[in-house]
A.B. asks: 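I'd like to ask some things about the structure below.
Because the structure is predicted, anything quoted here is derived from the model rather than measured. Just the heavy atoms: all of them, side chains too, but no hydrogens, waters or symmetry mates, feed the values below. For reference, positions follow the sequence shown, starting with 1.
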Amino acid sequence: MPNSVVLDAAVLAVMEQHARSAWPDECCGLLIGHRSQDAEHITRAVPMPNQMARTGQAGRLFEIPPQALFDVQRALRGSGDGMLGHYHSHPNGRRGPSPRDRAAIHDPQALWGILALSSAEGGLDFGLWRPDPACLWQDFCLVGWQGSL
């Protein structure tokens, strides 16, 4: 498994715009790209609907509709790219995975991009996380990435 992540500023800009436009609800989307020997290359962020918006709980929860996931997987077939993980926002401004995020781990190789912002216009904090037993007492470790906010 590569130990660095390459993330273009344009990809981060897509996620930031999505998080700001969804605030005060959580946004969610997919991280698309490929793995090389030395890095994971995130080439696209694909905004997805938060199906928790229908329940009125989108301010603190996110869930990507299964059909939307299948549609993206189908579109990626044969492209050389795949789903490297997903991203979502924390509109409460808290950085890092929440207890609910930690409980939702289903793919230990997936990247979790988390955008923390406490207002639609305020500062933004972004991190990439992955479940990692090497973190000992934590479920996630911050993954190194090349890019800037």
Side-chain angles (χ1 to χ4, degrees), residues 1-9 11-36 38-73 76 81-120 122-149:
M1 174 74 60
N3 60 3
S4 68
V5 177
V6 177
L7 174 66
D8 187 77
V11 175
L12 185 56
V14 168
M15 291 186 287
E16 179 179 359
Q17 192 282 325
H18 189 199
R20 292 190 186 286
S21 66
W23 195 90
D25 289 341
E26 287 196 18
C27 75
C28 53
L30 301 175
L31 300 172
I32 307 299
H34 60 276
R35 290 182 173 99
S36 67
D38 47 331
E40 292 174 275
H41 302 266
I42 300 172
T43 57
R44 285 188 291 153
V46 179
M48 302 297 282
N50 182 352
Q51 79 177 15
M52 296 308 289
R54 291 183 288 164
T55 69
Q57 297 186 53
R60 56 184 197 86
L61 302 172
F62 81 95
E63 187 173 307
I64 298 171
Q67 186 60 53
L69 286 171
F70 294 139
D71 292 345
V72 170
Q73 287 174 328
L76 289 172
D81 280 343
M83 286 193 294
L84 298 179
H86 65 274
Y87 70 89
H88 70 282
S89 61
H90 283 178
N92 59 12
R94 290 190 190 130
R95 188 173 196 279
S98 69
R100 187 180 196 297
D101 294 337
R102 294 171 193 271
I105 296 169
H106 62 277
D107 180 355
Q109 294 188 13
L111 293 166
W112 287 57
I114 300 176
L115 301 105
L117 66 164
S118 54
S119 73
L124 177 82
D125 190 9
F126 174 75
L128 283 169
W129 305 82
R130 179 190 339 266
D132 187 347
C135 285
L136 301 177
W137 304 114
Q138 300 175 14
D139 295 329
F140 285 71
C141 284
L142 186 61
V143 175
W145 59 283
Q146 301 166 15
S148 60
L149 291 175

A.B. asks: Below 4.5 Å, heavy atoms only, C-beta onward: do Phe126 and Leu7 meet side chain to side chain?
C.D. replies: yes
A.B. asks: What's the separation between atom CG in Leu76 and atom CD1 in Ile32, rounded to the nearest 0.5 Å?
C.D. replies: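 Leu76 CG to Ile32 CD1: 5.0 Å, rounded to 0.5 Å.
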A.B. asks: Among residues at least two apart in sequence or on other chains, which ones pass side-chain contact (heavy atoms from CB on, under 4.5 Å) with Ser21?
C.D. replies: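 If we apply the side-chain contact (heavy atoms from CB on, under 4.5 Å) test to Ser21, skipping adjacent residues, the hits are Gln17, His18.
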A.B. asks: Taking all heavy atoms of Trp112 and all of Ala104, pick out the closest pair and write down the distance.
C.D. replies: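 Result for this residue pair: CH2-CB, 4.0 Å.
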A.B. asks: Under 3.5 Å, side chain of Asn50 to main-chain N/O of Glu26, donor-acceptor pair present?
C.D. replies: yes
A.B. asks: Between Arg20 (side chain) and Gly122 (backbone), is there a donor-acceptor pair under 3.5 Å?
C.D. replies: yes
A.B. asks: On a heavy-atom basis, which atom in Ala39 and which in His41 lie closest, and how many Å separate them?
C.D. replies: O-CD2, 3.6 Å
A.B. asks: Is a donor on one side and an acceptor on the other found under 3.5 Å between the side chain of Ser4 and the backbone of Asp38?
C.D. replies: yes
A.B. asks: Can you name the closest pair of heavy atoms from Ala68 and Met48 and give their distance?
C.D. replies: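 Closest approach of Ala68 to Met48, heavy atoms only: CB-CE, 3.1 Å.
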A.B. asks: If you round to the nearest 0.5 Å, how far is CE of Met15 from CG of Leu115?
C.D. replies: 6.0 Å
A.B. asks: For the residue pair Cys28 and Pro49, what are the closest heavy atoms and their distance?
C.D. replies: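 Closest pair (atom of Cys28, atom of Pro49, distance): SG-O, 3.5 Å.
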A.B. asks: Out of His86, Met83, Arg130, which one pairs with Leu111 under the side-chain contact (heavy atoms from CB on, under 4.5 Å) rule?
C.D. replies: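 Result for side-chain contact (heavy atoms from CB on, under 4.5 Å) with Leu111: Arg130.
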A.B. asks: Take Arg95 and Ile114, measure what side-chain contact (heavy atoms from CB on, under 4.5 Å) needs, and give me the verdict at the end.
C.D. replies: CA-CA 7 Å; Arg95 188 173 196 279; Ile114 300 176; over 6 Å; no
A.B. asks: Which pair of non-hydrogen atoms, one from Val14 and one from Ala45, has the smallest distance, and what is that distance?
C.D. replies: CG1-O, 3.7 Å
A.B. asks: By side-chain hydrogen bond (donor to acceptor under 3.5 Å, both in side chains), which residues pair with Asp107, not counting sequence neighbours?
C.D. replies: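 Residues passing side-chain hydrogen bond (donor to acceptor under 3.5 Å, both in side chains) with Asp107: none at all.
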A.B. asks: Quick one: ring pair (Phe, Tyr, Trp, His ring centres under 6.0 Å) partners of His90, sequence neighbours excluded?
C.D. replies: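 In terms of ring pair (Phe, Tyr, Trp, His ring centres under 6.0 Å), with neighbours along the sequence ignored, His90 is linked to His88.
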A.B. asks: For Gly113 and Leu31, work out which heavy atoms get closest and say how close.
C.D. replies: N-CD1, 4.2 Å
A.B. asks: Can you tell me how far CD of Gln109 sits from CD of Glu40, rounded to the nearest 0.5 angstrom?
C.D. replies: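 CD of Gln109 is found 8.0 Å from CD of Glu40.
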A.B. asks: Run the numbers on Ser89 and Phe62 for side-chain contact (heavy atoms from CB on, under 4.5 Å), then give the verdict.
C.D. replies: CA-CA 9 Å; Ser89 61; Phe62 81 95; over 6 Å; no
A.B. asks: Could you measure the distance from the CZ atom of Arg44 to the CG atom of Leu30? Nearest 0.5 Å is fine.
C.D. replies: 9.5 Å
A.B. asks: For the atom pair CH2 (Trp129) and CD1 (Ile105), what is the distance rounded to the nearest 0.5 Å?
C.D. replies: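 The CD1 atom of Ile105 is 12.0 Å from CH2 of Trp129, to the nearest 0.5 Å.
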A.B. asks: What is the distance from atom CD1 of Ile42 to atom CZ of Arg35, rounded to the nearest 0.5 Å?
C.D. replies: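 If I round to the nearest 0.5 Å, the distance is 10.0 Å.
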